[in-house]
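One structure is given here, and the rest of the page talks about it.
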Amino acid sequence: MTGYDALAEVYEWLISDAKLAPAEFAASFEDVLSLLPSNAHVLDCSCGTGQLAVGLAGRGIQVVATDASEAMVRRTAELSEEFGAFVRALRADWEELPGHFDDDTFDMVFCVGNSLHHAVGARGRGAALESMSRLLRRGGRLVLTSRTWELVRAKGSRLDIGERLVRRNGRDAVVVYRWEIAPLWEEEHHVEIAIAEVDAAGAVLVRSELLSCWPYRYDELEVELRRVGLRIEMSTFNPETDNYMVVASKA
């Protein structure tokens, strides 16, 4: 797993305008949330700065939020306090989850925000999915979002510079992604994410982090989900769109 500790303080620039407010982030998953039973227990196991977890808690859902980054967990706790919505937040990577929770604990597990590619290769990805599956009750669902890595790789190594300034908390910044695409799928890839903030005097402050990625094809993900006892109920995968969502249930 890789960090995000450096990006945690500026992560809001990586969240779309439509999902910046916790309530709006949760509302973007309205269709899957309608499948939850009353008194549901939900895990957000790649919580980032907590917009989704806090949004779910604001609906009265019992939520636990975890992340591999201590800084992300801290920011989630701060957001929870700001909105007065109780979220239990703790640092744990995916493979550590069974050490924190009993099997069959949650009705739904979220792994969103294009997180799974940080698991180290097919073995690490399988271990992460196995942990998530173990924590789901029978009939529970995993909700996962992902980049369409077929498209990412097809575009090759490159520099993607945001076309406009993004305003957050009265401050403006440009978001830059620098992709290092390895020759083979199974090799380690890299993405450097930089937030170039422009202050009132016109000076630029850049904060960046180089992150490791291990991409996967959609058909590989299908096989890996089945291997850990999860059956795809719904998928928005389209090889021509940048991102997709999968909802898989535990048999």
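When a residue number appears, it is its place in the shown sequence, counting from 1.
- Between the CG atom in Asp17 and the CZ atom in Arg167 there is a gap of 12.0 Å [rounded to 0.5 Å].
- Side-chain atoms of Gln62 and His41, non-hydrogen and from C-beta on, do get closer than 4.5 Å to each other.
- With hydrophobic clusters built from ILVMFWY side chains whose heavy atoms lie under 4.5 angstrom apart, Met245 shares a cluster with Val112.
- Side chain of Ser80 to main chain of Ala85: a donor-acceptor pair is present (N/O by atom type, distance under 3.5 Å, no hydrogens or angles).
- The existence of a salt bridge linking Glu30 and Arg59 is confirmed by a sub-4.0 Å separation between a basic side-chain nitrogen and an acidic carboxylate oxygen.
- Checking each of Leu136, Leu129, Leu144 against Leu230 for a side-chain contact (heavy atoms from CB on, under 4.5 Å) leaves exactly one that passes, namely Leu136.
- Tyr244 contributes atom OH, which lies 9.0 Å from atom OG1 of Thr236 (distance to the nearest 0.5 angstrom).
- Within a 6.0 Å sphere centred on CG of Asp102, other residues, nucleotides and ligands contribute 12 heavy atoms or fewer.
- For the atom pair CZ (Arg125) and CG (Leu225), the distance works out to 10.0 Å, reported to the nearest 0.5 Å.
- Across all their heavy atoms, Trp149 and Tyr216 have their closest contact at CB-O, 3.5 Å.
- Of all heavy-atom pairs spanning Lys19 and Phe25, the tightest one is O-CD1, 3.2 Å.
- Taking the side chain as every heavy atom from C-beta outward, Phe29 and Leu52 approach each other to under 4.5 Å.
- Under the 4.5 Å side-chain contact rule for hydrophobic residues, Val73 and Tyr4 do not share a cluster.
- The two atoms that bring Val87 and Ala57 nearest to each other are CG2-CB, 3.7 Å, heavy atoms only.
- Between Leu20 and Arg168, the closest side-chain pair of non-hydrogen atoms falls below 4.5 Å.
- A heavy-atom distance below 4.5 Å is found between the side chains of Trp179 and Asp160.
- Looking at every heavy atom in both residues, Cys111 comes nearest to Leu142 through CB-CD1, 4.3 Å.
- No side-chain heavy atom of Val63 sits under 4.5 Å from any side-chain heavy atom of Leu43.
- Annotation: side chain of Ile232 is not in contact with side chain of Val247 (no heavy-atom distance under 4.5 Å).
- Glu224 approaches Ala122 most closely through the heavy-atom pair OE2-CB, 4.2 Å.
- Remark: side-chain polar atoms of Ser133 are not paired, donor with acceptor, to backbone N or O of Gly229 under 3.5 angstrom.
- Checked by atom type, the side-chain pair Glu188/His190 shows a donor-acceptor distance below 3.5 Å.
- Legend: salt bridge (charged side-chain N to carboxylate O under 4.0 Å, His left out) pairs involving residues 74-87, not counting sequence neighbours, sorted by first then second residue: Glu9-Arg74, Glu12-Arg75, Arg74-Glu78.
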Report the C-alpha distance between Val152 and Ile181 in whole Å, list the side-chain angles of each, state the deciding distance to 0.1 Å, and finish with yes or no for side chain to side chain contact (heavy atoms under 4.5 Å, CB included).
CA-CA 8 Å; Val152 175; Ile181 304 301; 4.0 Å; yes
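- Checked by atom type and distance alone, the side chain of His118 pairs as donor or acceptor with a backbone atom of Ser212 at under 3.5 Å.
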Could you walk me through whether Leu210 and Arg178 pass side chain to side chain contact (heavy atoms under 4.5 Å, CB included), step by step?
CA-CA 9 Å; Leu210 183 65; Arg178 182 177 64 85; 3.9 Å; yes
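- Defined by atom type and a distance below 3.5 Å, a donor-acceptor pair is missing between the side-chain atoms of Ser146 and Asn114.
- For the pair Ser235 (side chain) and Phe237 (backbone), a donor-acceptor distance under 3.5 Å is present.
- Note: the hydrophobic cluster containing Leu165 does not contain Leu14 (ILVMFWY, side chain heavy atoms under 4.5 Å, direct or indirect links).
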Does Ser69 form a side-chain hydrogen bond (donor to acceptor under 3.5 Å, both in side chains) with Asp5? I'd like the steps, not just the answer.
CA-CA 6 Å; Ser69 164; Asp5 285 344; 2.4 Å; yes
Decide side chain to side chain contact (heavy atoms under 4.5 Å, CB included) for Asp67 and Thr76; before the verdict, give the C-alpha distance in whole Å, the side-chain angles of both, and the deciding distance to 0.1 Å.
CA-CA 9 Å; Asp67 200 281; Thr76 295; over 6 Å; no
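- Glu209 contributes a side-chain N or O that, together with a main-chain N or O of Ala6, makes up a donor-acceptor pair within less than 3.5 Å.
- Separation of the Trp214 and His189 ring centroids does not fall under the 6.0 Å cut-off.
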Candidate pair Met108 and Val143, rule side chain to side chain contact (heavy atoms under 4.5 Å, CB included), full reasoning:
CA-CA 7 Å; Met108 190 168 284; Val143 181; 3.9 Å; yes
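- The shortest side-chain heavy-atom distance between Val204 and Val206 falls under the 4.5 Å cut-off.
- Here Arg147 contributes atom CZ and Thr241 contributes atom OG1; the two are 13.0 Å apart, rounded to the nearest 0.5 Å.
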Residue pair Ser131, Glu95: steps toward the side-chain hydrogen bond (donor to acceptor under 3.5 Å, both in side chains) verdict:
CA-CA 6 Å; Ser131 292; Glu95 294 185 46; over 6 Å; no
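- No donor-acceptor distance shorter than 3.5 angstrom exists from the side chain of Arg227 to the backbone of Glu130, with no hydrogens or angles considered.
- Hydrophobic clustering, with ILVMFWY side chains joined whenever heavy atoms are under 4.5 angstrom apart, groups Tyr11 together with Tyr177.
- For the pair Asn169 (side chain) and Arg171 (backbone), a donor-acceptor distance under 3.5 Å is absent.
- The shortest heavy-atom contact between Cys45 and Leu97 is CB-CD1, 4.0 Å.
- For the residue pair Ser157/Glu180, the side-chain donor-acceptor check at 3.5 Å is not satisfied.
- Atom CG of Asp107 and atom NZ of Lys250 lie 11.5 Å apart (nearest 0.5 Å).
- A cation-pi arrangement is present between Arg217 and Trp185 under the rule of less than 6.0 angstrom and at most 45 degrees off the ring axis.
- Electrostatic pairing of Asp104 and Arg137 does not count as a salt bridge here, judged by no charged N lying under 4.0 Å from a carboxylate O.
- Distance check: Ile195 CD1 to Arg207 CZ gives 9.0 Å after rounding to the nearest 0.5 Å.
- No side-chain heavy atom of Thr66 sits less than 4.5 Å from a side-chain heavy atom of Asp44.
- Comment: Arg91 engages Glu96 in a salt bridge, judged by a side-chain N to carboxylate O separation of less than 4.0 angstrom.
- When the shell of 6.0 Å around CD of Glu186 is examined, it contains more than 12 heavy atoms from other residues, nucleotides or ligands.
- Distance alone, capped at 3.5 Å, is enough to place a donor-acceptor pair between the Arg158 side chain and the Gly156 backbone.
- Checked by atom type and distance alone, the side chain of Trp94 never pairs as donor or acceptor with a backbone atom of Ala119 at under 3.5 Å.
- Hydrophobic clustering keeps Leu205 apart from Val176 (ILVMFWY residues linked when any side-chain heavy atoms are closer than 4.5 Å, directly or through intermediates).
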